[in-house]
Amino acid sequence: MKAQVFNDGRKAHTTKIAVTAMSAVAAETATFPVDLIKTRLQLHGESLVSSRRISAVRVVAEILRNDGILGLYKGLSPAIIRHMFYTPIRIVNYEFLRNSLVPADHTLSLSSNAIIGGISGVIAQVVASPADLVKVRMQADSRMASQGLQPRYCGPFDAFNKIIRTEGVRGLWKGVLPNVQRAFLVNMGELACYDHAKRFVINNNIANDNIYAHTLSSIMSGLSATTLSCPADVIKTRMMNQAADKQGNCKYRNSYDCLVKTVRVEGLKALWKGFFPTWARLGPWQFVFWVSYEKFRQITGLSSF
């Protein structure tokens, strides 16, 4: 009997990982072009040469003119690789910790859910940080190509090899601190808000546990996560994009140095650069992920998240 229970539990755990990964890949593929635009906007202003204002529309036009429609998916493969690790780790860990701390008929407070979400995000991001680094570098490469410069990498595996060869294995975790800070804030807002909002919607009879409840919850989750994480996301993007020069020097010594220089040169508003593209991506990402994830759980016989 105990062996049967153990096998059933392991099967359910494996199923959760599989459906989480499938949902994450679907959401990432659907919203990746918006993430590319957001990254371009966040990197704009780093160089004093780039003094003119730039908009999301101009970024899209520039990408289509120089790289065609496929240019909108530059860096998709490392993004998918990242989410094959990142999302299952954070989602499954969050659910495990949440269910372990309270009985089935009770719920945790919003603050407790937020802490659990943040911790789950940190663990997942440390594991997935190398793939995130490659994704950011490849997205930035497409901007270099549009300026007539030679791209640094010709593909994700080439990027991994060159980073290890020139910056060492530790170079794969460049920017991991701001990355972890962002992951904590994103998951604190996303997981806790979705979980809490969904229970609020259901308990107050606004909707049953169906696509309407999942949609409303995902919208609130996306807005919360964007507001909390955007400053850390800007710092993370700039830290991960920088590569050492021939003398081994970098533009930013650490995330704090990047924060200070960004605010000093571009003002406080620069920390929310790419806010609307980030929200425009997180909103649909949350919708595609949570709706498909809840549906996959239903199809495979798992309980609702």
Exercise. Just one of Val288, Leu302, Thr20 clears the side-chain contact (heavy atoms from CB on, under 4.5 Å) bar with Tyr293, so which one?
Worked result: Thr20
Exercise. Can you say whether the rings of Trp290 and Tyr194 are parallel (under 30°), tilted (30 to 60°) or perpendicular (over 60°)?
Worked result: parallel
Problem set entry | Least distance between heavy atoms, Gly171 atom then Leu133 atom | O-CD2, 3.1 Å
Exercise. Going through the distances and angles, do Asp195 and Tyr94 end up as a side-chain hydrogen bond (donor to acceptor under 3.5 Å, both in side chains)?
Worked result: CA-CA 10 Å; Asp195 200 358; Tyr94 174 84; 2.8 Å; yes
Exercise. Do Lys135 and Asp35 come close enough that some side-chain heavy atom pair is under 4.5 Å?
Worked result: yes
Problem set entry | Val122 to Ala183 - nearest heavy-atom pair and separation | N-CB, 4.4 Å
Exercise. Between atom CG of Leu259 and atom CZ of Arg264, what is the distance when rounded to the nearest 0.5 Å?
Worked result: 10.5 Å
Exercise. What are the two closest heavy atoms between Asn179 and Ser129, and how far apart are they?
Worked result: ND2-OG, 3.2 Å
Exercise. Does a side-chain N-to-carboxylate-O contact under 4.0 Å join Asp257 and Lys251?
Worked result: no
For this session: May I ask you to test the Ile235-Tyr252 pair for a side-chain heavy-atom distance under 4.5 Å?
Result: no
Exercise. Backbone N or O of Cys230 within a donor-acceptor pair of the Lys273 side chain at under 3.5 Å?
Worked result: no
For this session: Determine whether more than 12 heavy atoms belonging to other residues, nucleotides or ligands lie under 6.0 Å from atom NZ of Lys261.
Result: yes
For this session: Please check if Val176 and Leu185 belong to a single hydrophobic cluster, counting links between Ile, Leu, Val, Met, Phe, Trp and Tyr side chain heavy atoms closer than 4.5 Å.
Result: yes
Exercise. Under the side-chain hydrogen bond (donor to acceptor under 3.5 Å, both in side chains) criterion, do Ser304 and Lys198 qualify, and how do the steps go?
Worked result: CA-CA 11 Å; Ser304 174; Lys198 178 182 164 185; 2.4 Å; yes
For this session: Looking only at non-hydrogen atoms, find the nearest pair between Leu191 and Gly117 and report the distance.
Result: CD1-CA, 4.0 Å
Problem set entry | Cluster check Tyr73, Val25: I/L/V/M/F/W/Y, side chain < 4.5 angstrom | yes
For this session: Check whether any side-chain N or O of Asn208 sits under 3.5 Å from a backbone N or O of Asn210 as a donor-acceptor pair, and report yes or no.
Result: no
Exercise. Is there a donor-acceptor pair under 3.5 Å between the side chain of Arg82 and the backbone N or O of Ala128?
Worked result: no
For this session: Can you spot which of Trp285, Phe289, Phe32 makes a ring pair (Phe, Tyr, Trp, His ring centres under 6.0 Å) with His83?
Result: Trp285
For this session: Starting at CG of Asn203, measure out to NE2 of His196 and round the result to the nearest 0.5 Å.
Result: 9.5 Å
For this session: Determine yes or no for a side-chain-to-main-chain donor-acceptor pair under 3.5 angstrom, with Trp173 supplying the side chain and Val126 the backbone.
Result: yes
Exercise. Within 45 degrees of the axis of the six-membered ring of Phe160 and under 6.0 Å from its centre: does Arg165 put its NZ or CZ there?
Worked result: no
For this session: Would you tell me whether Ser221 and Glu190 have side-chain atoms, one donor and one acceptor, within less than 3.5 Å of each other?
Result: no
Exercise. In this structure, which one of Ile115, Asn99, Asn113 forms a side-chain contact (heavy atoms from CB on, under 4.5 Å) with Leu108?
Worked result: Asn113
Exercise. With distance as the sole test, does Ser224 use its side chain to make a donor-acceptor pair with the main-chain N or O of Met220 at under 3.5 Å?
Worked result: no
For this session: State, with a plain yes or no, whether a side-chain heavy atom of Leu64 is found less than 4.5 Å away from one of Leu72.
Result: yes
Exercise. Is there a donor-acceptor pair closer than 3.5 Å between any side-chain N or O of Lys162 and the backbone N or O of Arg152?
Worked result: yes
Problem set entry | Ser218 side chain to Thr215 backbone, donor-acceptor under 3.5 Å | yes
Exercise. Heavy-atom distance under 4.5 Å between the side chains of Ile123 and Ile89, does that happen here?
Worked result: yes
Seminar exercise, completed: In short, Arg90 meets Ser120 closest at the heavy-atom pair O-CB, 3.5 Å
